[in-house]
Amino acid sequence: MTEIRNNWTKEEISEIYHSPLLDLVYRAASVHRENKDYSEVQISSLLSIKTGGCPEDCSYCPQAARYHTDLEVQALMSVDQVTEAAKKAKDAGASRLCMGAAWREVRDNRDFDRVIEMVSSVNALDMEVCCTLGMLTESQAQRLADAGLYAYNHNLDTSEEDYKRIISTRTYDDRLQTIEHARKAKLTVCSGGIIGLGETVEDRISMLKTLSNMSKHPESVPVNALVPVKGTPLEDQPRVSVWEMVRMIATARIIMPKTVVRLSAGRTEMSLTDQAFCFMAGANSIFAGDKLLTTPNPSFNDDMAMFELLGLKPREAFKNGRNAKENTELV
Ligand code: SAM
Ligand code: DTB
Ligand code: SF4
């Protein structure tokens with residue numbers, strides 16, 4: 001078994017990231033096979049439970065109220081709507097539902113009470129429930145955990161050095177604190193980033209260092225390729241090349257060997273061959289369903305055909321125990 005390290009240096013990460021591509025993929029695939037059943041892929045389905053009108057200024061995001069995108073703003077969904085959507089996702093093969101809200105932070109009000117009900121209701125379907133609701137306090141994290149929340153998603157998005165260029169309405173430290181609050185409530189942590197924001201390779205390495213130097217590695221690390229959306233400040237960013245996704249995924253796999261690395265936004269622009277390379281490089285999760293939060297994603301049927309072709313299979317829910325939440329220690 002590979003040793004779990006929390007003291008990777010930027011130099012070490014950079015050396016891995018820049019190694020010859022085929023060596024990098026070979027090493028990542030070897031680490032993957034030593035630590036996990038590489039043919040199992042965790043399937044998450046995303047549901048935007050409250051869409052648009054967000055007060056933050058994240059320059060990649062179509063849901064920020066200050067940018068003029070074609071997005072239709074939608075108020076918080078009802079518990080019944082969410083339960084229905086969760087059942088559909090489960091029937092299609094998803095083991096996890098991730099509910100996203102375009103909020104800056106969670107507030108202790110009736111909307112949060114409703115989200116708590118949503119969490120209980122989806123948890124009762126024996127699905128892993130994940131939320132991404134912006135910043136939260138330790139007591140809010142605890143309320144979510146008590147309702148049966150399995151994971152909290154809170155991305156770092158880029159490096160600490162680059163953060164101000166992308167978002168001015170909160171700090172990197174705010175982000176790290178929310179992750180800490182989720183940890184204290186014994187939630188599993190999902191945290192990753194986006195490539196293609198105009199960041200440097202050093203920024204990517206710096207973000208990977210922050211993630212891999214956490215006292216406990218995030219249980220999931222999503223690697224998103226920017227989906228440039230018209231009306232956002234980053235609308236004209238060129239798409240990242242698949243090789244950059246492969247390098248990011250492979251490096252994350254090597255330095256965080258037990259973590260679920262998710263090939264996240266950007267798959268509609270990738271061929272099957274591109275995606276196969278990402279799985280070879282150690283990706284073992286995807287978002288499935290024809291929509292991410294607000295932008296398109298490949299259909300469930302296309303993804304199942306891809307799994308068939310590549311010999312992959314969906315991973316069951318709570319593989320490591322509903323309450324064990326120690327899944328970095330288990331395979
Ligand atoms: N408001 C909450 C927050 O910011 O944490 C939760 C929802 S927010 C949409 C969740 C994540 O979606 C962001 O952290 C970012 O990583 C990702 N995201 C948003 N827009 C994106 C885009 N255009 N392309 C790729 N990823 C994006
Ligand atoms: C993550 O890392 N990516 C997801 C999820 N976590 C919340 C969101 C991707 C959003 C892509 C743009 C959109 O569909 O609005
Ligand atoms: Fe709001 Fe989250 Fe979008 Fe930022 S990423 S604008 S916080 S919904």
Side-chain angles (χ1 to χ4, degrees), residues 42 44-67 69-74 76 96-107 115 130-136 151-158 163 166-172 174-179 181-182 189-199 207 211 218-237 239-240 245 248-249 252 260-269 283 285-298:
Q42 189 246 341
S44 288
S45 177
L46 277 169
L47 182 66
S48 184
I49 58 171
K50 187 266 171 183
T51 309
C54 184
E56 299 283 77
D57 70 352
C58 313
S59 46
Y60 48 76
C61 187
Q63 303 199 66
R66 66 191 74 201
Y67 309 136
T69 59
D70 291 335
L71 192 78
E72 207 182 303
V73 175
Q74 269 166 356
L76 188 64
R96 177 179 292 196
L97 184 77
C98 178
M99 301 190 279
W103 287 338
R104 174 175 202 274
E105 76 244 305
V106 172
R107 304 225 170 123
V115 171
C130 173
C131 276
T132 183
L133 312 169
M135 292 183 267
L136 43 67
Y152 197 73
N153 165 261
H154 205 61
N155 289 340
L156 295 180
D157 288 326
T158 183
Y163 206 67
I166 302 296
I167 300 150
S168 78
T169 48
R170 58 170 188 257
T171 65
Y172 214 61
D174 289 332
R175 229 48 199 165
L176 293 171
Q177 267 187 24
T178 290
I179 294 173
H181 295 155
V189 168
C190 171
S191 186
I194 309 178
I195 61 170
L197 302 169
E199 73 287 350
M207 181 181 79
L211 292 168
E219 282 78 0
S220 336
V221 170
V223 180
N224 295 278
L226 174 73
V227 181
V229 179
K230 204 166 153 274
T232 62
L234 298 181
E235 64 180 354
D236 292 327
Q237 275 298 312
R239 302 265 182 180
V240 292
M245 282 299 269
M248 237 4 230
I249 289 170
V260 170
V261 179
R262 185 172 306 118
L263 168 58
S264 303
R267 287 197 303 118
T268 50
E269 299 299 312
S285 174
I286 55 167
F287 286 119
D290 52 15
K291 218 169 171 198
L292 291 165
L293 288 172
T294 66
T295 62
N297 196 44

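Counting convention: from 1, in listed order, for ligands and their atoms alike.
With hydrogens left out, the protein atom closest to atom 24 (N) of ligand 1 is V227 N, 3.0 Å, a heavy atom. Among all non-hydrogen protein atoms, the one lying nearest atom 21 (C) of ligand 1 is Y60 CD1, 3.8 Å. Protein heavy atom closest to atom 26 (N) of ligand 1, with residue, atom name and distance, is I194 CD1, 3.6 Å.
Of the candidates V229, T294, N155, it is N155 that places a heavy atom closest to atom 11 (C) of ligand 1. Distances from atom 8 (C) of ligand 2 to the heavy atoms of L47, T69, L293 show the closest one on L293. Around atom 6 (C) of ligand 1, the closest heavy atom drawn from L234, T69, T132, L156 belongs to T132. Selection from N153, D157, V106 by nearest heavy atom to atom 14 (O) of ligand 1 gives D157.
Listed by chain and number, the protein atoms of type N/O/S under 2.8 Å from atom 1 (Fe) of ligand 3 are C54 SG; waters are omitted.
With D157 contributing its side chain and G193 its backbone, the two residues share no donor-acceptor pair below 3.5 Å. Between the side chain of T132 and the backbone N or O of N153, at least one donor-acceptor pair lies under 3.5 Å. Side chain of T178 to main chain of M135: no donor-acceptor pair is present (N/O by atom type, distance under 3.5 Å, no hydrogens or angles). For R66 (side chain) and P55 (main-chain N/O), a donor-acceptor pair under 3.5 Å exists by modelled atom type. Checking side-chain atoms of H154 against main-chain N and O of I179 turns up no donor-acceptor pair under 3.5 Å.
The list of salt bridge (Lys or Arg N to Asp or Glu O under 4.0 Å) pairs with a residue in residues 287-296, not counting sequence neighbours, is empty.
At a 4.0 Å heavy-atom cut-off, ligand 1 does not touch S264 at all. Counting heavy atoms closer than 4.0 Å to ligand 1, residue L293 contributes side-chain atoms (C-beta onward) but none from N, CA, C or O. Only the side chain of R170 comes within 4.0 Å of ligand 3, judged by heavy-atom distances. At a 4.0 Å heavy-atom cut-off, ligand 2 touches N224 through the side chain alone. With a 4.0 Å cut-off on non-hydrogen atoms, L46 touches ligand 2 through its side chain and not its backbone.
Distances from ligand 1 to the non-hydrogen atoms of G134 include at least one value under 4.0 Å. Using a 4.0 Å cutoff on heavy atoms, G193 does not count as a contact of ligand 1. Judged by the shortest distance from any of its heavy atoms, F287 lies inside the 4.0 Å radius around the atoms of ligand 2. Within the structure, the closest approach of R175 to ligand 1 falls below 4.0 Å when heavy atoms are considered. Remark: distances from the non-hydrogen atoms of A101 to ligand 1 include one below 4.0 Å.
Atom 1 (N) of ligand 1 lies below 4.0 Å from at least one non-hydrogen atom of the protein. Protein heavy atoms are found less than 4.0 angstrom from atom 1 (Fe) of ligand 3.
Using a 4.0 Å cut-off to heavy atoms of P222, the atoms of ligand 2 that qualify are 2 (O). Every atom of ligand 3 is numbered from 1 in the order shown, and the set under 4.0 Å from a heavy atom of Y60 is 5 (S). Each of the atoms 13 (C), 14 (O), 15 (O) of ligand 2 lies under 4.0 Å from some heavy atom of T294.
Scanning all heavy atoms of the two residues, the minimum distance from Q237 to P228 falls at O-CG, 3.8 Å.
When only interatomic distances are considered, the shortest N/O to N/O separation between L133 and ligand 1 does not fall below 3.5 Å.
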